[in-house]
Number of protein chains: 2
Amino acid sequence: MSDGPRTQTQPTTDEARTLVDSGLERDAMVTLFGRCTVDYEGRAASTLGPGDRLVVLKPDGTVLVHTDEGQQPVNWQPPGCSHDVMTEGSTLVVRSERSTPEELLVVRFERLDHAVAYDGTDASDLALTGTEDDLRKRILDEPSLIEPGFEPRATERDTPAGAVDIFGADADGAAVVVELKRRRVGPDAVGQLTRYVDALERDLHAGREVRGVLVAPSVTDRARRLLAKRGLEFVPLEPPE
Amino acid sequence: MSDGPRTQTQPTTDEARTLVDSGLERDAMVTLFGRCTVDYEGRAASTLGPGDRLVVLKPDGTVLVHTDEGQQPVNWQPPGCSHDVMTEGSTLVVRSERSTPEELLVVRFERLDHAVAYDGTDASDLALTGTEDDLRKRILDEPSLIEPGFEPRATERDTPAGAVDIFGADADGAAVVVELKRRRVGPDAVGQLTRYVDALERDLHAGREVRGVLVAPSVTDRARRLLAKRGLEFVPLEPPE
DNA sequence: AGTTGCATCTCGAGC
DNA sequence: GCTCGAGGTGCAACT
């Protein structure tokens, strides 16, 4: 059963520090809301002036600093950090640090409105459909979706340029490289397919043609032009469901 | 100044619905915590069984569903959605919907532990250094970092394959394409540079050599081999700060 | 609204 | 630990 969350409204810094410390100690998720500044240094470096934000501390070492806009946190720290909460006078300070790479995030609360520690468990896994893997299964199940006579020979076949999604042969026995994308593609996907085709043409007997087929729901104009210039093909196909 | 957040512990569904509705009405950030299931359908589709999660609703239409692990939300909705909160018996239900593309997220709370509406403002912008743009400025400031005699002629020069980061000439007057990356690069960056070099070699007088230079802190083995095979060059350089 | 490429991308799988 | 590519990527800039 649940006790409900430990919550404090307009707490003193000492009260809040205790709530955060004990919360993280027992693997709770902790949220803080108030006016704060944020400094980050690591792979890049940033500063953020004062503003009202929601700060989420997870027991796995994650930190998220969310403003009232946008899906992405304005600042963050990935899982694996060690959180450290302290007081500097009447200021609550959260330091989250990790190594490899060395990164430090510091949040300083000029004003703290609210602190909560949430205890909970989550045993469920997300079930997601409509991925590139679903598209691959669809093709392996019905190879003629690529073209009549297409025969898959390998998935994730390795080349000096990386792993090919599907490698196979056409009705004439020619090698075919298939690159899959779950959504409309641009020039980057053409570059990827090009790399694979080039690598296999060098790997296999010189002179043997290797066909390259891009499979996606659709392509942009520029991508279509690049495909044509490189002699590559496009098959429109969507992931199932 | 601040009244402090409106907060409810173990609220009834009606109480919570009112708090969420009025909170979003006045552009507050709203958080809910409890045992819930999540269903999503749009660019893909997903289901998530019951578990304890933190749900964040932003006034710009963002939804975030966070478990106690990971930096990324297990489910979400981007800005621009319209939130709808309702009750199904004793169950609180949040529906967030948008168009282009058509997407729907539904969160159903079997048990609701806590609801908060946070009022706040944030006028500060993030100041970030160490980006690719900083690296570009560094090179334009001191072109000899590429090589003695290098002269930048254009940034973001357009080609049929996309825009080139820096286009210039070497001491002999030969065309040089520079591709910048703020961090260690793999085969994808080589493919990108290859596309640009190929495009420019066709655009400029045939026969004129176009050099391709990848600028990054470092490259992977595979990327280095691909560079060599394509006759491209690498200059190790990091963004400033 | 569509395109293009960056991102402190994150994440998982493979090695 | 590093490498590589997918992602419901998000996001800004530009057309």
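In what follows, chains are A, B, ... by sequence order, proteins preceding strands, each numbered from 1.
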Under 4.0 Å between a side-chain N/O of B:Trp76 and OP1 or OP2 of D:dG10, yes or no? yes

Selection from D:dG8, C:dA1, C:dT8 that lies nearest to any side-chain heavy atom of B:Leu105: D:dG8

For atom CZ of A:Arg43 and atom C1' of D:dC2, their distance in whole Å: 15 Å

Closest to the B:Leu126 side chain: C:dT8, D:dA6, C:dC6? C:dT8

Is there a side-chain contact between B:Arg98 and the phosphate of D:dG8, meaning an N or O under 4.0 Å from OP1 or OP2? no

Counting heavy atoms from C-beta on, name the nucleotide in C:dA7, C:dC6, D:dG5 closest to the side chain of B:Arg182. C:dA7

For a quick test of reading the model, state the closest non-hydrogen atom pair linking B:Leu214 to B:Leu193 and the distance between them. N-CD2, 3.7 Å

Could you measure between the two C1' atoms, the one in C:dC9 and the one in C:dG5, and give it in whole Å? 13 Å

Between C:dC6, C:dT8, D:dA6, spot the one nearest the side chain of B:Glu132, thanks. C:dC6

From C-beta outward on B:Leu128, which listed nucleotide comes closest to its side chain: C:dT4, C:dC11, C:dT8? C:dT8

With a cut-off of 6.0 Å (strictly less than), are more than 12 heavy atoms of other residues, nucleotides or ligands near CD of A:Glu156? yes

Out of C:dT3, C:dT8, C:dC6, minimum distance to the side chain of A:Asn75 belongs to C:dT8

Verify, without hydrogens or angle tests, whether B:Lys58 (side chain) and A:Gln71 (backbone) share a donor-acceptor contact under 3.5 angstrom. no

Against the side chain of A:Thr131, the closest entry in D:dG8, C:dC9, D:dG1 is D:dG8

Taking N and O atoms by type only, does the side chain of B:Gln77 place a donor or acceptor under 3.5 Å from a partner on the base of D:dG8? yes

Side chain of A:Pro79 (C-beta onward), nearest among D:dC2, C:dC11, C:dC9: C:dC11

Does A:Asp188 contact C:dT4 through a side-chain donor or acceptor facing the base, at a distance under 3.5 Å? no

At less than 3.5 Å, do the side-chain atoms of A:Gln72 and the base atoms of D:dG10 form a donor-acceptor pair? no

What's the CD1-P distance between B:Ile166 and C:dG5, to the nearest Å? 16 Å

Heavy-atom nearest nucleotide on DNA chain D taken for B:Pro78 and for A:Gly162; more 5' hit belongs to A:Gly162

Winner on side-chain proximity to A:Pro187, out of C:dT8, D:dC4, C:dT4, is C:dT4

Donor-acceptor pair, side chain of A:Arg182 and main chain of B:Arg43, under 3.5 angstrom: yes

